[in-house]
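Reckoned from all heavy atoms, side chains included, excluding hydrogens, waters and symmetry mates. Quick note on labels: first sequence line is chain A, next is B, and so on, each numbered from 1.
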Amino acid sequence: MQPLILEAEAPVRITHPDKLLFVDPPVTKLANLEYLVQMAPYLLSHLRDRRITLVRCPHGIAGHRFYQRHVPSGAPSYIPYREVEGGKREIVIEDVATLLFYANLGTIEFHAELHRLSDPRPRVLSFDLDPSDTSDFEKVRKTAFYVRDTLSELDLPSVVKTSGASGLQVFVPLLEPIAYEDSRRIVRFIARYVEGRWPHIATTARLIKERGDKVYVDAPQHGPTRTLIAPYSVRATPLATVSTPIHWSELEGGCRPQDFTIRNVPARVAQFGDLMTESVAPASAATIAKMLNSQR
DNA sequence: GATGTAG
DNA sequence: CTACATCAACGCGCT
DNA sequence: AGCGCG
Ligand SMILES: [Mn+2]
Ligand SMILES: [Mn+2]
């Protein structure tokens, strides 16, 4: 095989560029690399300064898949890491070259923590909505609007994105960071409120067998050790879906997670920008403080 | 996909 | 040399 | 005190 080198911040050696990662629609490793190059300005803004977990499918999405949190041995010297106790090197992605290096290893998904390495406090509230019945998107959609409307009454504007799988995630950007102790309190409180008000649709039951066919408002997913699929990450799904921030009006109009894929998201973002950062004015600490106080 | 290690 | 295993974690709220 | 969950 002739060696293929992609020039980024460093030259990245690419192996098996024609490896078919997705069958239908067909997506080769090279096509995935091209997607990442195009989307890097947006994707990287959600990966930088955070701890990253990868999902790798070296033999395509039908093959064996596994999570990876640590830099593999033998990585080139341009690959950064965060050295942690025990000598383990946690994955950090700051530039295109690193993105491409991991993509060459068969990485499909990039998951990121909510807070940054440089600050242990999140600058966002997050609500992970997981349908029990993965085919029941209508119920997830409803729950997302319940969460939005509840937040709205508290003067907290929110933005929604598809996870790229079967769920949705709702975010409240904050002007200033707040401690997880506080953000978790608020997220838990709102999750329980939504469950209480729409008990036939939403649940916060941690035990799967108690959830029935309701949507799990996964408040525990908002925490210092948890990650969420990054905006604009491809998912290892048959359709090569992408976790995509959308307008509430699009959700109202009946859009579906499968509408956003590796094929069409780059054009969408080129046209409309990153809705994750542009569609909502961050809430102030004062609004949050009010929220916290009223709850105690 | 690449590495480390056991056979 | 080939074959095979490994590739993440905890935290943490609840029963 | 142990467990189930993502
Ligand atoms: Mn989810
Ligand atoms: Mn979840």
Side-chain angles (χ1 to χ4, degrees), chain A residues 1 3-4 6 12-21 28-30 32-33 50-77 79 81-82 84-93 98-115 120 122 126-132 134 140 163-169 179-181 183-192 195 203-212 214-230 235-236 243:
Chain A
M1 146 203 348
L4 172 62
L6 291 185
V12 183
R13 174 157 250 118
I14 302 303
T15 55
H16 314 282
D18 299 324
K19 166 79 67 182
L20 206 54
L21 297 178
T28 62
K29 187 198 274 186
L30 188 61
N32 190 39
L33 290 161
R50 293 169 168 90
R51 210 154 57 128
I52 301 299
T53 299
L54 311 175
V55 173
R56 292 176 55 193
C57 308
H59 306 289
I61 62 158
H64 178 226
R65 79 181 56 178
F66 55 90
Y67 288 81
Q68 186 154 355
R69 313 194 61 156
H70 302 288
V71 177
S73 56
S77 57
I79 299 299
Y81 53 85
R82 172 179 189 253
V84 63
E85 192 175 333
K88 299 237 180 193
R89 301 175 164 190
E90 297 179 330
I91 293 172
V92 173
I93 301 178
T98 306
L99 213 45
L100 299 184
F101 169 75
Y102 287 117
N104 183 57
L105 266 29
T107 301
I108 306 287
E109 303 187 356
F110 297 87
H111 300 244
E113 290 179 335
L114 294 166
H115 63 284
S126 64
F127 299 84
D128 182 32
L129 310 181
D130 299 330
S132 298
T134 57
V140 189
S163 79
S166 51
L168 291 167
Q169 290 147 359
Y180 269 113
E181 183 183 339
S183 63
R184 299 184 78 161
R185 236 199 203 92
I186 297 168
V187 169
R188 209 157 47 221
F189 175 80
I190 290 169
R192 287 183 183 142
E195 173 187 47
T203 179
T204 62
R206 215 169 54 92
L207 266 42
I208 291 175
K209 61 172 159 60
E210 294 176 8
R211 291 180 199 163
K214 300 171 198 170
V215 174
Y216 179 45
V217 184
D218 185 0
Q221 196 67 30
H222 178 88
T225 68
R226 320 302 289 274
T227 62
L228 284 179
I229 186 69
R235 301 305 304 269
S243 179

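Note: A/L99 CG to A/F110 CZ = 4.5 Å, rounded to the nearest 0.5 Å. Residue A/L228 holds its CG atom at 5.0 Å from CG of A/L114, rounded to the nearest 0.5 Å. Separating the NZ atom in A/K29 from the CG atom in A/L20 is a distance of 12.0 Å, to the nearest 0.5 Å.
The CZ atom of A/R185 sits 15 Å away from the C1' atom of C/dC12 (whole-angstrom rounding). Nucleotide C/dC10 holds its P atom 11 Å from the CD atom of A/E113, rounded to whole Å. Regarding A/L54, its CG atom lies at a distance of 15 Å from the P atom of B/dA2, rounded to whole Å. To the nearest angstrom, C1' of B/dA2 lies 14 Å from CD1 of A/I14. Here C/dA9 presents its P atom at 13 Å from CZ of A/R82, a figure rounded to the nearest Å. For the pair A/H115 NE2 and C/dG11 P, the computed distance is 13 Å after rounding to whole Å. Between the P atom of C/dG13 and the NE2 atom of A/H222 lies a distance of 13 Å, rounded to the nearest Å. The CD1 atom of A/I52 sits 20 Å away from the P atom of C/dC7 (whole-angstrom rounding).
Residue A/H70 places none of its side-chain N or O atoms closer than 4.0 Å to OP1 or OP2 of C/dT6.
Side chain of A/T15, nearest nucleotide from C/dG13, B/dA2, C/dA8: B/dA2. Closest to the side chain of A/S73, out of C/dA8, B/dG4, C/dC14, is B/dG4. Relative to the side chain of A/R184, the nucleotides B/dA2, C/dA8, C/dG11 differ in distance, and C/dG11 lies closest.
Checked against side-chain hydrogen bond (donor to acceptor under 3.5 Å, both in side chains), A/E195 has the following partners two or more places apart in sequence or in another chain: A/T204.
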Problem - Protein proximity profile, nucleotides 1-6 of chain D - base contact B, sugar-phosphate-only contact S, no contact -, cut-off 4.0 Å on heavy atoms - result: --BBBB
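Nearest heavy-atom pair across A/P122 and A/S183 is CG-OG, 3.6 Å.
When the P atom is compared between C/dA8 and D/dC5, the two are found 24 Å apart, to the nearest whole Å. Only the P atoms considered, C/dC10 is 26 Å distant from B/dT3, to the nearest whole Å.
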Exercise for the section: Begin with the C-alpha distance, continue with both residues' side-chain angles, and end with the deciding distance and a verdict on side-chain contact (heavy atoms from CB on, under 4.5 Å) for A/R206 and A/Y216. Expected result: CA-CA 8 Å; A/R206 215 169 54 92; A/Y216 179 45; 4.0 Å; yes
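Within the nucleic acid shown, A/H64 comes within 4.0 Å of at least one base atom, counting heavy atoms only. Backbone-only engagement by A/R192 is indicated by non-hydrogen atom pairs under 4.0 Å involving sugar-phosphate atoms exclusively. At the heavy-atom level, A/H59 lies under 4.0 Å from base atoms of the strands shown.
The one candidate from A/R226, A/R51, A/R82 that meets the salt bridge (charged side-chain N to carboxylate O under 4.0 Å, His left out) condition with A/E113 is A/R51.
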